[in-house]
Amino acid sequence: MNETLTKTELGFLHHFEPGSDAAGAPLLLLHGTGGDESDLLPLGQAIAPSRALLSPRGRVLENGMPRFFRRLAEGVFDEQDLVAQAQALAAFIAGARTRYGLAAPVAVGFSNGANIAAALLLLHPEALAGAVLIRAMPPLARPPEGAGLAGKRVLLLSGRADPIVPATAAATLAAQLKAHGAEVIHQDLAARHGLTNEDVLAARTFLAA
Ligand code: MLT
C-alpha cells in the first residue's frame, strides 16, 4: 500500500506513511528545532525502508520554528511544558495506533526530537517499543523513579564534538535510561550536533538487529 497521509487530526499535524514490513515496529520520527513532519522521512526510509512512518510536527513555536516543548535558553527546558507536551504526544501515539492499526513505535528523534523521545521513555514508557536518540540530553532535572523500561532497546548516538550536548549530559541520560531497565547502546561518534552518515549506519544496524 502506498497511501500517504498528512493530517491535523489526533492533536498533531502529522505525516503517516504505511509500511510493507508488518513484522517491524513503525518508526515515530521526531524532528529537531525548526524542522517539521517532512524532515526525517528520508532518514526513516534510509534506516528502515519498509517500516510504517509516523511523523508529527512539534506544536511549540520558537521564533516561528516548530519544537516539541518550550525552552528557557539553549539546553534549559521549561519542564512544566515538557511534561504537558510529552503527555499530549503519548496521547497522539495511542490515537494514531488505533487510527492506523499500528504496534507500539520505535522513536527516532534528532536533537529536540530526541529530547522529547527521552522524556516519553521516562514519563510514558508504554508509548514506545524503543528509541534511537540522536544528540539527546537528559530532558528532566529529576527523572521519575521506575519508569518500567525493561525489555526496551535504546540506541543513543552522541557527537564527540557536539557544542550543544556535553559528553557528561549524554552519559547521564544513558545512565538514567539504564537505571530504568532499558537496554542502552551508547555510541559516541566523531560528529558535531548535525546528523552524519555514521548516525544513519548505526541506526540501520540497530533497527535490523
Ligand atoms: C533542545 O532545546 O531540545 C536542545 O537544546 C536541542 C535543540 O533543539 O537545539
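Counting convention: from 1, in listed order, for ligands and their atoms alike. Residue numbers count from 1 along this sequence.
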> Which atoms of ligand 1 are found less than 4.0 Å from any heavy atom of Phe77?
Replying inline: 1 (C), 2 (O), 3 (O)
> Does Gly32 have a heavy atom less than 4.0 Å from any atom of ligand 1?
Replying inline: no
> Looking at atom 6 (C) of ligand 1, what's its closest protein heavy atom, distance included?
Replying inline: Ser111 OG, 3.1 Å
> Are any of the heavy atoms in Arg135 under 4.0 Å away from ligand 1?
Replying inline: no
> Has the side chain of Asp78 got a donor or acceptor atom that lies under 3.5 Å from a matching backbone atom of Arg70?
Replying inline: no
> Who gets closest to atom 9 (O) of ligand 1 by heavy atom: His193, Arg70, Arg71?
Replying inline: Arg71
>> Among all protein heavy atoms in this structure, tell me which lies nearest to atom 4 (C) of ligand 1, with the distance rounded to 0.1 Å.
In response: Asn115 ND2, 3.4 Å
> Which protein non-hydrogen atom lies closest to atom 8 (O) of ligand 1, naming both residue and atom, and how far is it?
Replying inline: Thr33 OG1, 2.5 Å
>> Using 30° and 60° as the class boundaries, would you call the ring planes of Phe12 and Phe92 parallel, tilted or perpendicular?
In response: tilted
> According to the interplanar angle, ranging from 0 to 90°, do the rings of Phe110 and His193 count as parallel (below 30°), tilted (30 to 60°) or perpendicular (above 60°)?
Replying inline: tilted
> If you look at every heavy atom in Leu133 and Ala114, which pair is closest and at what distance?
Replying inline: CD2-O, 3.6 Å
>> For a side-chain hydrogen bond (donor to acceptor under 3.5 Å, both in side chains) check, start with the C-alpha distance between Gln45 and Glu17, then their side-chain angles and the critical distance, and finish with the verdict.
In response: CA-CA 10 Å; Gln45 283 148 2; Glu17 208 163 298; 2.9 Å; yes
> Is the His31 ring parallel, tilted or perpendicular to the Phe68 ring (thresholds 30°, 60°)?
Replying inline: tilted
> Which protein heavy atom lies closest to atom 5 (O) of ligand 1, and at what distance to 0.1 Å?
Replying inline: Glu74 OE2, 2.8 Å
> Where do Ser55 and Glu37 come nearest, in terms of heavy atoms and distance?
Replying inline: OG-O, 2.8 Å
> Phe68 near ligand 1, heavy-atom distance under 4.0 Å?
Replying inline: no
